[in-house]
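Chain identifiers are assigned alphabetically (A, B, ...) following the order of the sequence lines, protein sequences preceding nucleic acid strands; residue numbering begins at 1 within each chain. Computed from a predicted structure; not experimentally measured.
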Amino acid sequence: MKEARRVEFIFEMLRIVVALAVAYLLTLLFIAFISKDPIEAIYVFSIGPFTTARRFGQLMAKFIPYMMTGLSMCLIYACNRFNLIAEGSYLMGGCLFSVVAVNFIPETMPPVLAVGLGLVVGALAGLIVSAIPTILREKLGVSEIVTSVMFNYGFLYVSLFLIKFFARDISMSYVCSRLIPENAKLGAVVPRTLFHSGIYIVAVVVMLVCLIYFKTPFGYRVRISGSNQDFARTEGIRITGSLIVAQLLAGAISGMGGAIDIMGVYDRYIWDQTPGVGTDGLLVAVLARKNPALVPIAAFLLAYMRTGAAILNYATDIPLEMVQMVQGIIILMIGAEEFLGPIKNRMIFRLAQKKDRQKEALADVNTK
Amino acid sequence: MSTLSNILFMTIRLSTPIVLAALACSITKKAGLLNMGAEALMLMAALIGVLVSAWTQSLIIGLVAGLASSILITLIICYVSFDLKCDLNLTNISMNNAVIGGTVFIMYLVTGQKSVTAGILNSKTMPTVNIPIIKDIPFIGEVISGHNVMTYIAIVMIVAVWFLLYKTVLGLRIRCVGENPMAAESVGISSKKIWYISYALSGLVAGMGGVFLSMGYLSWFARDMMGGRGFMAMAAMNIANGEPVGSAVNALLFGLAQAFGTFIQRFNINADLILAFPYMFAVLLISVLTFIRQRQEKQHRLNMIKAREQKV
């Protein structure tokens, strides 16, 4: 059976590679098809993000929140739940951090303390937001998909209300908060780019989540409960508790991600639409096959594609939305378990046949 | 027109797409599937309807093309989920993403614009109808008459979907598969086939909602013009546990909330919390009803056991 499992693993990887390759080729094909200057456009899309420090900074600024929401969705997805609350958590994390930073963080507070406070506020906001759909799901059996989607819409308005009432900068014509104090901001890693020091915080979070997920009894309980609830129950694992804690943790990570993004990239809170980073987290989680250790790679790929598309959008005549479409196709192909399935089954079958023949041959030799 | 009749008129107008999408969700729900993709179905139908009707200068061809496109999307969803074995929710979520991006992309290719088709495409719209006698009745006439054709079709669709689900063979099969696909298979009903059919029907009904938005409510297509109506419909359906009539009534409540929000905004009041209210209230309602339903189910099961024991 070991060989069959190896074949399955290879095919799983192959599916991801094929999906990405098809998506990439599709994108290039679209570009070549629409653009008046396809070679330039393809160059801009594929190499563009690495050509200048500023563009690379943009890529990293996208990479950091994608990792946070990716980890968050990874945990939720590992619970086998479709709790889309990462979006709402992310939004409220950013929003509440801004409200607190604008109102309560004095200029004199040391930056370490201010940033630490910001992270805690973001995480708490995310945790509280995710608590409601999670507990409703695990305790009452209310569909978490419906409640979390409703909450994502509801919290958008709540965040606008909070900003308008507690942090609005009246001198600006659009809805935004007052300037976030300098001491609550994350400094740039590369000067004059968006690449900010949130990367260190995220790196620590990734390691912690991997540690929890793979090396603690709690992580084991979550993995088992997620993959087979009945088995977990018969084994005497308290499923409800494990799943609730995992999803709360996911909310906290996502909320912290929102706070980090505001701290690092923006001067003031300006989200008047859901930023969509939480939903993109689902793509990262699917790409990473529920494995938090692979989240950075998946997040980087997504950030790369998004940045390439953004550069294309202002440098050439190709709309940014194309990538959103291709992104959907990627999830479809990776999620589809039977994509390439017939070939996989044939290979496993052949392997089994070969083994049988070897056994027969061996048996023949023995009888002789 | 008085304020009240104005709000009620707006409610009916704003509810039409939500009612249609909720009916669409209810068809798949009865087959045991959660239709998260209503948003994508409506959006696709809205765009294709506008494009084709502008191109052919024919309302009917535009409508048919719009509905066909949303059915096509459902077939893709079904193929990926039931044949390629991708998780249905994942398929729907990524389809929403793909269609939101895809519609903007197609719109850009055709018109060179990324926000609206207004002023560029001369697309057709569905006519409004004044009901002969009713329109002269003072209050009722102002509320009920003068809506778009699709609004009246939506009312017919409520009955039609109910009839389909509860009075036809297909409906019985759909509900059978929804209750227990294995049991249905054992008596020779192919559950995959029923899932395909129910999803396609759902695409048809949701498509009507999309077409209404871009060819009745407005006369153009705007990017992401559904604005979460598909998800509202999903919640409305969930509150009613998939019953078509109940779903439609809940959708009407969502429409009322929307109308009220739009109305309040005219007075320059901060409407954010009022706009957030329907979503939060929906969650509360779903939770309470789920709790009650589970209690009832438990009670029902206990009663069954008791009855069996008495027999013995």
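N96(B) does not touch chain A: none of its heavy atoms, backbone or side chain, sits under 4.5 Å away. Contact annotation for I106(B): neither backbone nor side-chain heavy atoms come within less than 4.5 Å of a heavy atom of chain A. Proximity to chain B is limited to the side chain of V286(A), based on heavy atoms less than 4.5 angstrom apart. If you measure heavy-atom distances from S94(B) to chain A, the contacts under 4.5 Å come from both the backbone and the side chain. Residue contact with chain B, scored on non-hydrogen atoms closer than 4.5 Å, is absent for S159(A). Residue V146(A) touches chain B through both its backbone and its side chain, counting heavy-atom pairs closer than 4.5 Å. Both the backbone and the side chain of A235(B) come within less than 4.5 Å of a heavy atom of chain A. With a 4.5 angstrom heavy-atom cutoff, N238(B) touches chain A only via side-chain atoms. Contacts of R293(B) with chain A are absent, with no heavy-atom separation under 4.5 Å from either backbone or side chain. If you measure heavy-atom distances from L34(B) to chain A, the contacts under 4.5 Å come from the side chain alone. If you measure heavy-atom distances from I93(B) to chain A, the contacts under 4.5 Å come from the side chain alone.
Checking side-chain atoms of Q324(A) against main-chain N and O of I100(B) turns up no donor-acceptor pair under 3.5 Å.
Between M325(A) and G102(B), the closest heavy-atom pair is SD-CA, 3.3 Å. Looking at every heavy atom in both residues, A276(B) comes nearest to G154(A) through CB-O, 3.5 Å. The two residues A98(B) and G328(A) come nearest to each other via the heavy atoms CB-CA, 4.0 Å.
At most 12 heavy atoms of other shown residues, nucleotides or ligands fall within 6.0 angstrom of atom NZ in K139(A). Applying the 6.0 Å contact sphere to OH of Y79(B) captures no more than 12 heavy atoms from other residues, nucleotides or ligands. By the neighbour-count criterion of 12 heavy atoms within 6.0 Å, atom CD of E179(B) is sparsely surrounded, having that number or fewer from other residues, nucleotides or ligands. Annotation: F291(B), atom CZ; neighbour count of heavy atoms from other residues, nucleotides and ligands within 6.0 Å does not exceed 12.
Side-chain contact check for E321(A) versus M107(B): every heavy-atom pair is 4.5 Å or farther apart. In this structure the side chain of V142(A) reaches within 4.5 angstrom of the side chain of I286(B), judged on heavy atoms.
Note that CZ of R137(A) is 10.5 Å distant from OG1 of T290(B), once rounded to the nearest 0.5 Å. Here the CG-CG distance, from L332(A) to N92(B), works out to 9.5 Å after rounding to the nearest 0.5 Å. Atom CG in D87(B) sits 11.5 Å away from atom CD1 in I331(A) (nearest 0.5 Å). N313(A) CG to K114(B) NZ: the interatomic distance, rounded to the nearest 0.5 Å, is 3.5 Å. Residue I135(A) holds its CD1 atom at 11.5 Å from OG of S287(B), rounded to the nearest 0.5 Å. Rounding to the nearest 0.5 angstrom, the gap separating the CG atom in L140(A) from the CD1 atom in I292(B) is 11.0 Å.
Among F151(A), F82(A), F165(A), F155(A), the residue making the largest number of heavy-atom pairs under 4.5 Å with chain B is F82(A). Ranked by heavy-atom pairs under 4.5 Å with chain B, the list I330(A), L283(A), L160(A), I329(A) is led by L160(A). Among F30(A), Y77(A), Y157(A), the residue making the largest number of heavy-atom pairs under 4.5 Å with chain B is Y157(A). In terms of non-hydrogen atom pairs under 4.5 Å with chain A, the most contact-rich of V80(B), V104(B), T91(B), L90(B) is L90(B).
Between Y153(A) and F231(B), the ring-plane angle classifies as tilted under the 30° and 60° cut-offs.
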Test log, rule side chain to side chain contact (heavy atoms under 4.5 Å, CB included), inputs M36(B) and L84(A): CA-CA 12 Å; M36(B) 278 190 88; L84(A) 298 174; 3.8 Å; yes
